[in-house]
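Below: one structure, written as structure tokens.
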Amino acid sequence: MDRERIFLSPPHIGAAEKKYVADAFESNWIAPLGPNVDAFEAEIADYVGSRFATATSSGTAAIHLALSLVGVGKGDIVFCSTFTFVASANPILYLGAKPVFIDSEPDSWNMSPVALQKAMTYYVAKGLLPKAVIVVNLYGQSADYEPILRICREHSVPVIEDAAESLGSTYKGKKSGTLGDFGVFSFNGNKIITTSGGGMLVSNNRDFIEKAKFLATQAKEPVLHYEHEQLGYNYRLSNVLAGIGRGQLEKIEERVRARRDVFNRYRDAFSGIKGMTFMPEAQFGRHNRWLTTLTIDPQQVGKTYPEVIQALEAHQIEARPLWKPLHLQPLFQENLSFAHGDEYVSTQLFCQGLCLPSGSNLTAEQQNKVIQIMRSVLAV
Ligand SMILES: *Cc1c(COP(=O)(O)O)cnc(C)c1O
């Protein structure tokens with residue numbers, strides 16, 4: 001990687017990772033199973049406080065498996081947060097089901113219980129129910145699960161928690177990823193910890209996790225020859241990559257602290273400036289601050305977010321827009337969506353928002369450079 005460039009969220013690798021990867025090489029476990037995979041599953045389950053876990057080749061694969069396990073199929077409706085990365089919803093399409101998008105609420109930027117209730121009422125009146133609800137914990141902050149779960153439980157609709165960005169966050173004392181019937185984590189290169197690519201599905205339901213492992217290994221029946229009754233996938237994580245994950249996980253609390261420190265420095269640098277609003281941290285939990293995100297109101301600040309991104313880019317600094325809500329994506333133009341109020345909160349955030357370099361290995365010097373360039377472009 002280019003050493004001069006300041007990245008949005010680069011990998012942060014330590015020494016322990018090399019030891020676990022070396023173990024894999026020395027024992028010749030260069031396979032999508034092995035001791036690192038078993039240990040990584042147990043260590044993630046233990047860290048988040050879930051009973052069972054299965055490692056997958058990606059977070060997307062874990063979402064796909066969770067949807068398959070609750071029986072999502074052709075023509076089914078699945079509710080999904082609109083304000084997220086496309087990977088949250090793509091697996092709904094893989095299964096031939098129909099996503100319906102739920103807007104954000106302003107306090108956490110996550111799924112609005114008000115919009116969720118509207119959507120549920122709309123479908124119940126038609127005699128239909130969603131087969132599952134995918135709730136995303138955006139930029140590392142948990143959604144507000146109490147009201148969300150109340151609405152879903154009332155209709156016995158399973159909840160899949162897309163915690164791809166929120167490992168290390170909490171909701172009312174519980175670790176992110178353990179609030180729904182399933183939790184999904186991602187270890188893609190840009191996440192708070194990484195295996196370069198990988199994911200994890202967690203649940204307290206043993207049958208679900210055993211079935212997930214079965215589906216993720218081509219659904220091979222437990223007999224001597226190759227017997228297949230169901231459609232399966234090749235979704236298991238490599239033992240080499242699980243070794244990277246084990247080393248990374250040892251440092252999760254440090255990584256959360258570092259990202260929160262990065263956030264605090266940005267917030268302090270721009271505190272009191274009208275029109276610059278950082279993503280709030282809701283009362284109900286700890287935000288891992290995977291990415292520092294904020295909105296810039298051009299009326300008050302006199303500059304738009306693309307102007308800030310371009311000014312940073314001119315200095316080899318990577319900043320990015322917020323996720324474009326899925327209900328605005330051409331891919332989903334046929335799909336219904338439900339707003340929090342008269343307008344979409346997610347759309348308003350998208351129109352003004354950006355993410356700043358937030359890596360746990362961002363140095364104070366690098367961060368000062370980002371802040372200085374922002375101050376000069378914004379004239380604050
Ligand atoms: C990264 C991400 C995913 C997908 O994870 P991969 O491991 O890249 O497949 C899903 N949902 C959200 C919200 C993400 O940020």
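As the structure lists them, so they are numbered: ligands from 1, and atoms in each ligand from 1. Position 1 is the first residue of the sequence, and the numbers go up from there. In what follows, every heavy atom counts, from backbone to side chain, and hydrogens, waters and symmetry copies are set aside.
- Near S186, meaning under 4.0 Å from any of its heavy atoms, are these atoms of ligand 1: 1 (C), 5 (O), 6 (P), 7 (O), 8 (O).
- Under the 4.5 Å side-chain heavy-atom criterion for grouping Ile, Leu, Val, Met, Phe, Trp and Tyr, L33 is not connected to V240 through any hydrophobic cluster.
- Within ligand 1, the atoms closer than 4.0 Å to a non-hydrogen atom of G198 are 7 (O), numbered from 1 in the order shown.
- Here's the thing with D162: one of its N/O atoms is less than 3.5 angstrom from an N/O atom of ligand 1.
- No continuous path of ILVMFWY side-chain contacts below 4.5 Å connects L179 to V202, so the two sit in separate hydrophobic clusters.
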Could you pull out all donor-acceptor pairs under 3.5 Å where a side-chain atom in residues 119-128 meets a protein atom, sequence neighbours excluded?
residue	atom	partner	partner atom	Å
T121	OG1	Q117	O	2.8
T121	OG1	Q117	NE2	3.1

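- Within ligand 1, counting atoms from 1 as listed, the ones closer than 4.0 Å to a heavy atom of A87 are 3 (C), 4 (C), 10 (C).
- Put simply, part of S88 is less than 4.0 Å from ligand 1, judged by heavy atoms.
- Using a 4.0 Å cut-off between a side-chain N of Lys or Arg and a carboxylate O of Asp or Glu, E17 and K251 do not qualify as a salt bridge.
- Annotation: E165 places an N or O atom under 3.5 Å from an N or O atom of ligand 1; distance criterion only.
- For atom 2 (C) of ligand 1, the closest heavy atom belonging to the protein is K191 NZ, 2.9 Å.
- A salt bridge links R320 to E318: one of the charged nitrogens lies within less than 4.0 Å of a carboxylate oxygen.
- Salt-bridge check for R236 with E41: passed, with a basic side-chain N closer than 4.0 Å to an acidic carboxylate O.
- Of all atoms in ligand 1, numbered sequentially from 1 with element shown, those under 4.0 Å from a heavy atom of T84 are 13 (C).
- Every atom of ligand 1 is numbered from 1 in the order shown, and the set under 4.0 Å from a heavy atom of S58 is 7 (O), 9 (O).
- Contact annotation: for T60 versus ligand 1, heavy atoms closer than 4.0 Å belong to both the backbone and the side chain.
- Taking the centre and axis of the six-membered ring of F263, the NZ or CZ atom of R259 falls outside the cone set by 45° and 6.0 Å.
- Distance check, rounded to the nearest 0.5 Å: CD1 of I30 to OG of S238 gives 7.0 Å.
- The ligand atoms of ligand 1 that sit less than 4.0 angstrom from a heavy atom of A164 are 2 (C), 3 (C), 10 (C), 11 (N), 12 (C), 14 (C).
- Between W323 and ligand 1, no pair of N/O atoms sits closer than 3.5 Å.
- Taking distance alone, with nitrogen or oxygen atoms compared against 3.5 Å, V136 stays at or beyond that limit from ligand 1.
- Looking at residues two or more places apart in sequence or on another chain, you find no ring pair (Phe, Tyr, Trp, His ring centres under 6.0 Å) involving F214.
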